[in-house]
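Per chain, numbering begins at 1; letters A, B, ... match sequence-line order.
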Amino acid sequence: VLAICASNGRDEEAEAYFQQMKNEGLSANEFHYSSLLNAYAEKGKYEQAEKLVDEMKSSGVVPNKVVLNSLMKVYVKSGYFGKAKKVLAELNNSGHISNEVPYCTVMHGLAKAGKIEEAEKVFNEMKAKGIKSDGYSYSVMISSYSKNGNFEKVKKLAKEMESIQVNYDLAMMNTLLKAYSRVGDMECVIQTLKKMDKLKISPNWITFSTLISYFCEEKLYDLALHTLEDMQIKGHQPT
RNA sequence: AAACCGCUUA
């Protein structure tokens, strides 16, 4: 049954099996709960998810961090940020937070909803807790700020990010590049590119198209063309 | 064993 739930995982089938289990008086373990909860999370059925968590608590199953994490995801998805933050606090108190991921989930949700100040609060809280930040959180914040047009914040965060040791990767670089191009800071764009080169991070087509459109905006058509050629050399198709 | 994050109107 375990295997069936997991591999069918995503759908109503899992729910059906779960019901069947209960009807037969079998006790569900946390594995069952989490896979089912995930199915709910996927569909944004937050009431169901909430009920499930209550149920599992009352039946003595301890919600592990995966479960709580999934629950948070549902809340964020449905716009219940207050509840999401409560779950987050719960995670905190029980010392279940091993990384920044849960914070990022909330932050991202807040940022997407345009509640950037809230997101920043979460962000600061995270830092205050001394949770190691490997750059994902910065990515989230930077891109939200650049979307919001808050360029000072973008720069500040970017600097801050550079001052700590972060694991740069492609998505990060793309985030930075996009943010810089929105700010229109050519210097930083170039610097970022150099850094990419140094770190042997190879650009993908998103990188290229970000660059090209930025260059075009800056009327640097030669550069844009050059970038385009580069792109083809690396085997990317221009679209 | 399972879930989760950032470039996605790029």
Hey, does K147(A) reach any base, or is it just sugar-phosphate, or nothing, if we go heavy atoms under 4.0 Å? sugar-phosphate
Would you kindly give the CZ-to-C1' distance between R182(A) and U9(B), to the nearest whole Å? 9 Å
Nearest of A10(B), G6(B), A2(B) to any side-chain atom of K178(A)? A10(B)
note: N204(A), atom CG; U8(B), atom P; distance rounded to Å ~ 12 Å
Regarding N204(A) and T207(A), is there a side-chain donor-to-acceptor distance under 3.5 Å anywhere? yes
Residues Y136(A), N167(A); criterion side chain to side chain donor-acceptor pair (under 3.5 Å); working and verdict: CA-CA 9 Å; Y136(A) 294 124; N167(A) 306 317; over 6 Å; no
Euclidean distance, M196(A) CE relative to D169(A) CG, rounded to 0.5 Å: 10.0 Å
Phosphate OP1/OP2 of C5(B) contacted by H108(A) side-chain N/O (<4.0 Å): no
Y138(A) has an atom OH; how far is it from atom C1' of C7(B), in whole Å? 18 Å
Please measure how far the C1' atom in A10(B) lies from the corresponding atom in G6(B), and state the result in whole Å. 13 Å
Using a cut-off of 4.0 Å on non-hydrogen atoms, how would the nucleic acid contact of N64(A) be classed: base, sugar-phosphate, or nothing? base
Closest approach to the side chain of M172(A), judged atom by atom: which nucleotide of C5(B), G6(B), C4(B) is it? G6(B)
Could you check how far OH of Y136(A) sits from P of G6(B), rounded to whole Å? 10 Å
Given C7(B), C5(B), A2(B), the nucleotide with the shortest approach to the side chain of A171(A): C7(B)
What's the closest nucleotide to the side chain of S213(A) if the choices are C4(B), A3(B), A10(B)? A10(B)
Nearest-neighbour nucleotide for the T175(A) side chain, A10(B), A3(B), G6(B) considered: G6(B)
Between atom CZ in F31(A) and atom P in A2(B), what is the gap in whole Å? 8 Å
Considering every strand and a 4.0 Å limit on heavy-atom distances, what is the contact class for S34(A): base, sugar-phosphate, or nothing? base
T210(A) side-chain proximity, nearest of A10(B), C4(B), C7(B): A10(B)
Interatomic distance where OH belongs to Y40(A) and P belongs to A3(B) [whole Å]: 18 Å
note: K73(A), atom NZ; G6(B), atom C1'; distance rounded to Å ~ 15 Å
Between H32(A) (side chain) and N29(A) (backbone), is there a donor-acceptor pair under 3.5 Å? yes
Sort out for me which residue in E152(A), K155(A), E120(A) forms a side-chain hydrogen bond (donor to acceptor under 3.5 Å, both in side chains) with Y145(A). E120(A)
Would you mind reading off the distance between L52(A) atom CG and A2(B) atom C1', rounded to a whole angstrom? 14 Å
Check: G6(B) base within 3.5 Å donor-acceptor of N174(A) side chain: no
